[in-house]
A.B. asks: 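The structure is given below, and queries will be raised subsequently.
By convention in this document, chain letters (A, B, ...) are assigned in the order of the sequence lines, proteins followed by strands, and residues within each chain are numbered from 1. Basis for what follows: all heavy atoms, side chains included, without hydrogens, waters or symmetry-related copies.
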Protein chains: 2
Amino acid sequence: MEPSESPPLDMQSDKNWSVEDHKVLVAVDIALFTIRDSKFQVLLIKRGIPPFLDFWALPGGLVRMDIGLRGEEPEEAALRELREETGLSKGLGYLEQLGTYGSPNRDPREQRVISIAYFGIGPTLEDPIGDSDASHATFMPVDQIAAEISSQLAFDHNEILFDAIERARAKLEYSTLATKFCSPAFTISELRSVYETIWGANLDPGNFQKKVLAADGFLEDTGQKAEASATGGRPAKLYRAGTASSITPPIRRN
Amino acid sequence: MEPSESPPLDMQSDKNWSVEDHKVLVAVDIALFTIRDSKFQVLLIKRGIPPFLDFWALPGGLVRMDIGLRGEEPEEAALRELREETGLSKGLGYLEQLGTYGSPNRDPREQRVISIAYFGIGPTLEDPIGDSDASHATFMPVDQIAAEISSQLAFDHNEILFDAIERARAKLEYSTLATKFCSPAFTISELRSVYETIWGANLDPGNFQKKVLAADGFLEDTGQKAEASATGGRPAKLYRAGTASSITPPIRRN
DNA sequence: TAGTATTCTTGTATTATCAACAATATAATG
DNA sequence: CATTATATTGTTGATAATACAAGAATACTA
């Protein structure tokens with residue numbers, strides 16, 4: 001646990017190693033999802049500098065040591081980078097740690113960089129704006145990234161994105177995560193379309209309704225109704241997210 | 001994503017910050033579980049050096065930059081530290097990343113240290129041996145750590161341990177993790193006692209048997225039988241772990 | 001304004017699953 | 001050989017999931 005160094009059994013004995021020589025750069029990367037145009041999309045930036053110039057990448061950047069007395073919290077860094085690189089600040093509905101990616105060669109530059117990846121959801125996000133050196137930011141459908149060679153991502157971000165997508169799909173089953181994709185007040189149909197979009201499968205409206213209403217703490221009735229759509233149909237009741245974070249029984253995918 | 005620094009909006013302007021100044025020490029810590037004496041136990045070392053001298057702590061240490069061309073993989077570091085601090089090398093049944101703990105003040109020393117925590121399982125481990133500076137290593141029942149003030153852990157290791165325990169309990173439900181606590185060949189009763197020990201609840205033997213046998217890829221029949229116990233009773237069939245990593249339907253806790 | 005289409009919501013019947021526990025199988029012990 | 005112990009299988013009633021039908025509340029159209 002923690003540094004209590006015995007002399008390194010080095011394979012590079014051209015140097016006297018001190019504790020400080022083991023320091024590395026720590027970055028954060030954020031897979032920020034939303035649903036737009038009925039598609040499951042992730043926020044990407046187009047890199048404006050090498051390496052991977054002009055490649056798409058997840059937004060992110062270094063955890064800074066010049067903020068606060070002893071540097072910033074990694075989660076703070078994630079929020080800050082999101083703001084700086086894409087202009088998105090409010091409207092972030094959820095953020096949790098996904099995992100840390102620390103292979104020595106994941107960044108081709110001289111300095112080794114490990115990345116703490118975050119999984120986030122932005123429900124009602126304004127259009128992202130690329131800053132000067134991040135060049136350009138946009139939401140891109142995740143299916144498109146998987147399908148197109150031209151949208152392969154920089155660094156190991158394909159792997160991070162893959163893990164993040166799987167996290168999202170899994171968490172829909174046993175958590176109330178889906179509500180984070182919705183507006184403060186939403187209909188059960190909207191919630192169902194979140195599941196359908198992310199899982200890529202159709203769910204029975206009637207059964208879905210009964211399931212989510214049976215799950216304690218998932219939904220709270222606002223007493224209001226959505227305005228009827230132009231295409232007709234009974235106006236749906238409006239709900240807000242309940243206080244529960246996990247749902248029993250889970251909503252299973254096939 | 002990754003360093004592409006704009007000038008830091010520092011709160012400490014007594015210095016010109018370069019990219020390298022943001023480097024921090026990266027450690028790994030391992031919550032290695034086993035079941036001994038019918039108790040759910042975790043591997044701890046007693047610290048032989050400050051800070052937290054004489055406190056119990058999870059085994060771990062720095063990710064080294066002097067191993068390999070660009071430093072070692074974090075998972076390698078976890079295995080190495082486990083070996084160095086506790087003498088445990090083979091017999092490790094499972095290791096996965098738990099999460100990264102990166103608060104600026106989690107380590108009271110001058111250098112900031114973030115830790116990538118790992119969750120591991122050792123089924124048939126020899127007795128651990130503390131090395132010189134790690135002082136002493138032992139398995140300790142997790143209930144005891146939660147109950148006794150005297151066994152509060154160093155750093156934020158109580159938090160890490162808590163998360164690791166919850167990870168174990170949750171993964172028993174929907175994964176084949178429980179088999180990792182067992183010997184290569186085991187009976188369904190032994191598997192059930194893994195669940196009972198970690199969940200702290202009794203399960204119906206008959207129903208449990210049917211559930212695990214119904215879960216595809218969970219168990220494979222070896223064709224052998226366990227030798228009958230001295231206390232009598234029908235000898236149980238011996239199974240080995242199947243190839244599946246997740247089980248459907250899950251085995252639910254109440 | 002009646003009729004039709006559309007969507008939300010509730011109901012129903014069939015089926016599958018789960019939990020409790022009974023029954024059977026196979027061993028050790030005295 | 002009866003008793004006890006453990007493993008394994010079976011049974012039954014309760015519960016939950018599924019497919020699908022029916023009802024409710026709206027827009028649109030003629």
A.B. asks: List the atom of A:Ile121, the atom of A:Leu92, and the distance in Å for their closest heavy-atom pair.
C.D. replies: O-CD1, 3.5 Å
A.B. asks: A:Lys39 and A:Pro141: which non-hydrogen atoms are nearest, and at how many Å?
C.D. replies: CE-CG, 3.8 Å
A.B. asks: Could you encode protein contacts along nucleotides 8-13 of chain D as a string, one character per nucleotide from 5' to 3', using B for base contact, S for sugar-phosphate-only contact and - for no contact, with a heavy-atom cut-off of under 4.0 Å?
C.D. replies: SBBB--
A.B. asks: Nearest-Å distance, CD1 (A:Ile251) to C1' (D:dT18)?
C.D. replies: 15 Å
A.B. asks: For B:Glu227 and D:dA7, what is the distance between atoms CD and P respectively, to the nearest whole Å?
C.D. replies: 14 Å
A.B. asks: Determine the interplanar angle of the B:Tyr94 and B:Phe119 rings, folded into 0 to 90°, and report it as parallel if under 30°, tilted if 30 to 60°, perpendicular if over 60°.
C.D. replies: perpendicular
A.B. asks: Can you tell me how far C1' of C:dC18 sits from CZ of B:Arg252, to the nearest Å?
C.D. replies: 10 Å
A.B. asks: Any carboxylate oxygen within less than 4.0 angstrom of a Lys/Arg side-chain nitrogen, looking at B:Arg167 and B:Glu96?
C.D. replies: yes
A.B. asks: Calculate the interatomic distance between B:Glu190 atom CD and D:dT6 atom C1'; express it in whole Å.
C.D. replies: 13 Å
A.B. asks: Taking only side-chain nitrogens and oxygens of B:Lys211, does any of them come within less than 4.0 Å of OP1 or OP2 of C:dT17?
C.D. replies: no
A.B. asks: Do the side-chain N and O atoms of B:Tyr101 and B:Asp163 include a donor-acceptor pair separated by under 3.5 angstrom?
C.D. replies: yes
A.B. asks: If you restrict it to nitrogen or oxygen atoms, what contacts under 3.5 Å exist between nucleotides 28-30 of chain D and the protein, and what is each distance?
C.D. replies:
residue, atom, partner, partner atom, Å
D:dC28, OP1, A:Ala230, O, 3.1

A.B. asks: Strictly below 4.0 Å, N to O, side chains only: are A:Arg253 and A:Glu166 in salt-bridge contact?
C.D. replies: yes
A.B. asks: Parallel, tilted or perpendicular: which one describes the rings of B:Tyr174 and A:Tyr174, with boundaries at 30° and 60°?
C.D. replies: parallel
A.B. asks: Find the distance A:Asp216:CG to D:dA16:P and express it as a whole number of Å.
C.D. replies: 13 Å
A.B. asks: Output the rounded distance in Å from CG (B:Leu203) to P (D:dT6).
C.D. replies: 17 Å
A.B. asks: Which pairs with one or both residues in residues 204-242 of chain B pass ring pair (Phe, Tyr, Trp, His ring centres under 6.0 Å), sequence neighbours excluded?
C.D. replies: B:Tyr195-B:Phe208
A.B. asks: Calculate the interatomic distance between B:Leu219 atom CG and D:dA7 atom P; express it in whole Å.
C.D. replies: 14 Å
A.B. asks: One thing to verify: whether A:Glu84 and A:Arg80 come together as a salt bridge, which I'm taking to mean a side-chain N less than 4.0 angstrom from a carboxylate O.
C.D. replies: yes
A.B. asks: Over how many whole Å does the gap from A:Arg192 atom CZ to C:dC8 atom P extend?
C.D. replies: 6 Å
